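Predicted model only: the values in this text are computed from it and were never measured. All heavy atoms count here, side chains included; hydrogens, waters and symmetry mates do not.
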Amino acid sequence: MNRGLVFNLISNVAFFVAGYAIHYFLGGFASPADYGVVGTIITVLDFEYLFVSNGARQSLARSIASRHYDGCQVIVRTLVVQFAVVALFFLIDFAGAPLFGVMFGDDALARYFRYAAFLVPANGLYVVMLGINDGLQRFGRSAFLATFYPMIKLGTIPLIILVFPDDPVIGLEVGYCSAMIVTIVIGLAMLVPVWRMLPAGEGRAFTWRAAAHGTLSFSLFFIMASLVLSADTLVVKAELPSQMAGYYTGAMNFGKTTYYLLQAFAVIILPVVSRLIAQGERDAAIDKARELLLLAFALIMPMAVTISATSATLLAAFYSPRYTIAASALSFLALSSFFMGVTVMLNMLLNAERDARFSDWLSLISLIVVVTAFILSARWGGITAIAATSMTCTFFLMTISFAEVRLRLGDVMSCRTWTAIGCNAALWAVAYGVGRLMPTSNFLVLMCLYALMYAAYLAVIARAGVIDIRMIRTLVTNRKE
């Protein structure tokens with residue numbers, strides 16, 4: 001588990017580093033209004049990706065890891081359900097492209113959404129390969145693919161410069177699709193030698209109903225997560241001037257950093273806990289959950305806290321001083337994304353028992369409430385109000401998810417985890433002071449300051465007994481995936 005967690009953290013770091021490189025290029029290459037168009041396209045694609053990807057991936061991981069069913073039957077039936085969902089979104093993007101232009105007040109969006117439609121089936125197949133590897137607990141293989149894809153995606157930058165200088169959005173879509181196709185070919189080749197490792201099952205039939213319910217239930221939950229993290233960008237595009245959409249996209253680019261990192265924890269926690277529960281080792285499952293949550297709060301939360309406290313300096317150094325108009329929004333979004341990432345982890349714990357009723361109801365209610373709240377807050381207070389609403393919603397979702405996990409499984413928050421939260425509160429104050437006393441417009445200098453603050457923070461929590469060096473060493477040197 002530990003080695004798999006490290007591999008997945010590396011792949012998620014690669015994902016957002018590559019994303020930052022592309023956003024850094026686009027932020028300087030395009031005007032704020034054009035950059036807002038890019039943000040709108042990416043946001044809609046993120047929404048669709050979460051629907052067609054996380055549902056199938058998590059369902060495959062849970063069903064294969066439990067070893068109750070024939071692995072080949074699980075894959076075939078999940079694939080059929082996945083293709084049905086992919087076909088639906090392809091038609092929405094391709095045939096409904098003009099409606100997107102009307103919805104967001106920009107007729108030029110229609111052409112972009114027609115091209116974007118072809119990214120959906122490619123992504124649908126890509127994540128099925130990841131789910132198979134996750135279910136076999138070959139986390140290193142899925143992490144390799146998840147690392148390779150963003151790295152090769154960097155080819156989008158020279159593609160835009162050399163081939164699509166007058167239309168960077170089309171260049172972005174062509175680059176993303178090409179990178180995904182290459183990754184799929186490599187992933188299929190890597191699955192050939194491990195096909196024999198699929199479980200034979202215990203004689204239970206993996207029914208079509210189970211395939212559809214598992215995929216769609218996870219998808220529904222990740223739709224909620226996507227809406228909370230992405231719908232605000234769409235509301236800004238629809239309700240506020242185009243320039244504000246560009247500034248908000250810049251804030252969202254950094255705001256989602258910790259959510260991407262916490263996806264590595266969510267990928268690990270579901271198959272690991274699911275297998276332990278299937279084997280009757282409930283106490284061991286809770287211990288694993290406590291360990292992962294401690295690591296999340298001790299090692300990932302400080303990143304959200306530091307970004308939140310130094311938002312103005314970060315935006316000015318990475319983009320330009322004019323982007324500091326979104327500084328307050330970024331302060332809220334950085335924490336919002338962390339809260340949402342923890343919410344995902346907690347609901348993966350609940351779904352490990354194959355009981356998704358709580359997550360389903362949480363998703364349905366959130367779908368109604370969150371979008372309405374975003375629209376009202378955008379009209380009332382602009383991008384700062386909508387970001388504050390996002391943080392409030394995610395904190396509420398995280399809190400009630402904690403309560404449900406405690407009720408059904410037990411307390412997954414240890415004393416060391418609460419101590420880590422207290423240390424993060426102190427770090428926010430320190431980072432805020434450093435940002436005020438030592439402002440810098442040099443991005444590399446700022447990264448060095450972040451590294452120094454993070455190192456000092458690690459020294460403090462090690463001294464306080466929250467973590468120790470052996471815990472970090474175990475993560476890196478454990479030979480099991």
Checklist entry - Run the side chain to side chain contact (heavy atoms under 4.5 Å, CB included) check on Met413 and Ile421 step by step: do they pass? => result CA-CA 11 Å; Met413 293 290 287; Ile421 294 174; 3.8 Å; yes
Item to check | Test side chain to side chain contact (heavy atoms under 4.5 Å, CB included) applied to Asn123 and Val86, step by step | outcome: CA-CA 9 Å; Asn123 185 73; Val86 164; over 6 Å; no
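- Using a 4.5 Å cut-off on side-chain heavy atoms (C-beta onward), Leu349 and Ile286 make no contact.
- Phe338 and Phe297 have perpendicular rings, their planes meeting at more than 60° on a 0 to 90° scale where under 30° would count as parallel.
- For the side chain to side chain contact (heavy atoms under 4.5 Å, CB included) criterion with Tyr454, the lone passing option out of Leu427, Leu449, Leu299, Thr306 is Leu299.
- Side-chain N/O atoms of Ser311 and Ser331 include a donor and acceptor closer than 3.5 Å.
- Between Leu188 atom CG and Thr183 atom OG1 the span is 11.0 Å, to the nearest 0.5 Å.
- Residues Ala334 and Thr258 come closest through the heavy atom pair O-OG1, 3.8 Å.
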Item to check | Evaluation steps, side chain to side chain contact (heavy atoms under 4.5 Å, CB included), between Val434 and Thr310 | outcome: CA-CA 8 Å; Val434 170; Thr310 60; 5.9 Å; no
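- In this structure the side chain of Val344 never reaches within 4.5 angstrom of the side chain of Leu262, judged on heavy atoms.
- Considering CD1 of Ile184 and CG of Leu125, their distance stands at 4.5 Å, rounded to 0.5 Å.
- Taking 4.5 Å as the limit, every side-chain heavy atom of Thr417 sits out of range of all side-chain heavy atoms of Arg290.
- The shortest non-hydrogen separation linking Met129 to Gly187 is SD-C, 3.5 Å.
- When atom types are taken as modelled, the side chain of Tyr457 and the backbone of Ala298 share a donor-acceptor pair closer than 3.5 angstrom.
- Proximity of Val127 to Gln82: side-chain heavy atoms (C-beta onward) are separated by under 4.5 Å at one or more points.
- Taking the ring pair (Phe, Tyr, Trp, His ring centres under 6.0 Å) definition, one finds that Tyr126 meets it with Tyr149, sequence neighbours left out.
- In this structure, the side chain of Ser390 does not engage the main chain of Ser336 through any donor-acceptor pair within 3.5 Å.
- Residues Val128 and Gly124 share a closest heavy-atom pair of CG2-O, 3.4 Å.
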Checklist entry - When you look at Ile186 and Phe144, which way does the side chain to side chain contact (heavy atoms under 4.5 Å, CB included) test go after all the steps? => result CA-CA 10 Å; Ile186 293 175; Phe144 167 77; 4.2 Å; yes
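- Note that CD1 of Ile400 and CG of Leu407 are 13.0 Å apart. Values are rounded to the nearest 0.5 Å.
- Between Phe148 and Leu145 there is no side-chain heavy-atom pair separated by less than 4.5 Å.
- If you take CG on Leu119 and CE on Met180, they are separated by 6.5 Å, rounding to the nearest 0.5 Å.
- Scanning all heavy atoms of the two residues, the minimum distance from Ser401 to Asn347 falls at OG-ND2, 3.1 Å.
- Here the SG atom belonging to Cys393 is positioned 10.0 Å from the CE atom belonging to Met340, to the nearest 0.5 angstrom.
- When side chains are defined from C-beta on, Thr399 does not count as touching Phe339, because their heavy atoms never get closer than 4.5 Å.
- Annotation: salt bridge (Lys or Arg N to Asp or Glu O under 4.0 Å) contacts involving residues 397-406, sequence neighbours excluded, comprise Glu404-Arg408, Arg406-Asp411.
- Counting only distance, with no hydrogens or angles, the side chain of Ser377 and the backbone of Ala373 share a donor-acceptor pair below 3.5 Å.
- The closest side-chain heavy-atom distance from Tyr248 to Leu333 is below 4.5 Å.
- Under the side chain to side chain contact (heavy atoms under 4.5 Å, CB included) test applied with Ser308, the options Tyr432, Phe254, Trp428 reduce to a single match, Trp428.
- Taking each heavy atom of Ala431 and Met453 in turn, the nearest pair found is CA-SD, 3.8 Å.
- For the side chain to side chain contact (heavy atoms under 4.5 Å, CB included) test with Phe332, the passing option among Thr394, Thr389, Thr384 is Thr384; the others fail.
- From Ser337, atom OG reaches atom CG of Leu330 across 9.0 Å, with rounding to the nearest 0.5 Å.
- Contact of the Leu314 side chain with the Phe443 side chain is registered, since non-hydrogen atoms from C-beta on lie closer than 4.5 Å.
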